[in-house]
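Report on the structure given below.
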Amino acid sequence: QVQLVESGGGLVQAGGSLRLSCAASGRTFSSYGMGWFRQAPGKEREFVAVISRSVGSTYYGDSVKGRFTISRDNAKNTVYLQMNSLQPDAETVYYCAATTKFGSAHYVGDYGSWGQGTQVTVCS
């Protein structure tokens, strides 16, 4: 298991940007694919982005393509989510997660470790 702690959430105006961070501890960070999900109250957890464990291949959910960028720094055991052009529909709790699945992991069940979440609030 790997322990994950998100940070960087907060209040942003519509059209603005935020960068979320997720710090990992425990087993070797570079052996995990890392993903970001988000979940609004009463809704299912939604896939946002994933980055592979070593070569850094990325994949995005349709709703964030072109606006969000996932990246990782294996030396710092950290994964990031840069969010640009934020709109009110992006307001929710964002979670990072770790997977041992080889290849793209788009489903909640692909991930074995989760952070506690960080709130993003977008004001119009």
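Side chains are part of it too, since the values below use all heavy atoms of this structure and drop only hydrogens, waters and symmetry mates.
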Nearest 0.5 angstrom please: [X] [atom1] to [Y] [atom2], how far?
X	Y	atom1	atom2	value
Met34	Ser52	CE	OG	12.0 Å
Ser25	Asn77	OG	CG	8.0 Å
Thr58	Phe68	OG1	CZ	14.5 Å
Tyr32	Thr99	OH	OG1	9.5 Å
Gln82	Leu18	CD	CG	8.5 Å

[X] versus [Y], closest heavy-atom pair with distance:
X	Y	value
Asp73	Phe29	O-CE2, 4.1 Å
Ser124	Pro88	CB-CG, 4.2 Å
Arg67	Ser85	NH1-O, 3.1 Å
Ala49	Leu81	CB-CD1, 4.4 Å
Ser31	Arg53	O-NH1, 3.4 Å
Ser63	Glu46	OG-OE2, 3.1 Å

[X] side chain vs [Y] backbone, donor-acceptor pair below 3.5 Å:
X	Y	value
Thr92	Ala40	yes
Arg45	Tyr95	no
Thr78	Lys76	yes
Thr121	Leu11	no

Does atom NZ of Lys43 have more than 12 heavy-atom neighbours from other groups under 6.0 Å away?
-> no
Got a sec: does the CD of Gln116 have more than 12 other heavy atoms crowding it under 6.0 Å?
-> yes
Test side-chain hydrogen bond (donor to acceptor under 3.5 Å, both in side chains) applied to [X] - qualifying residues, sequence neighbours left out:
X	value
Asp89	none
Asn74	Arg72
Tyr94	Arg38

What about [X] and [Y], same hydrophobic cluster or not, with Ile/Leu/Val/Met/Phe/Trp/Tyr joined at side-chain heavy-atom distances under 4.5 Å?
X	Y	answer
Tyr80	Phe37	no
Leu4	Val93	no
Val64	Tyr111	no
Tyr59	Val108	yes

Pairs involving residues 102-119, ordered by first then second residue, that meet salt bridge (charged side-chain N to carboxylate O under 4.0 Å, His left out) (sequence neighbours left out) | Lys101-Asp110
Do any pairs count as a salt bridge (charged side-chain N to carboxylate O under 4.0 Å, His left out) and have a residue in residues 5-19, sequence neighbours left out, and if so which ones?
->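 For residues 5-19: none.
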Give the intermediate values and the outcome of side chain to side chain contact (heavy atoms under 4.5 Å, CB included) for residues Leu20 and Met83.
-> CA-CA 8 Å; Leu20 306 183; Met83 306 186 295; 3.8 Å; yes
For residues 79-124, pull every pair meeting disulfide bond (SG atoms under 2.5 Å apart), keeping only residues two or more places apart or in separate chains.
-> Cys22-Cys96
What do the steps show when you test Phe47 against Tyr60 for ring-ring contact (aromatic ring centres under 6.0 Å, His included), and what is the final call?
-> CA-CA 8 Å; Phe47 169 75; Tyr60 298 90; 8.3 Å; no
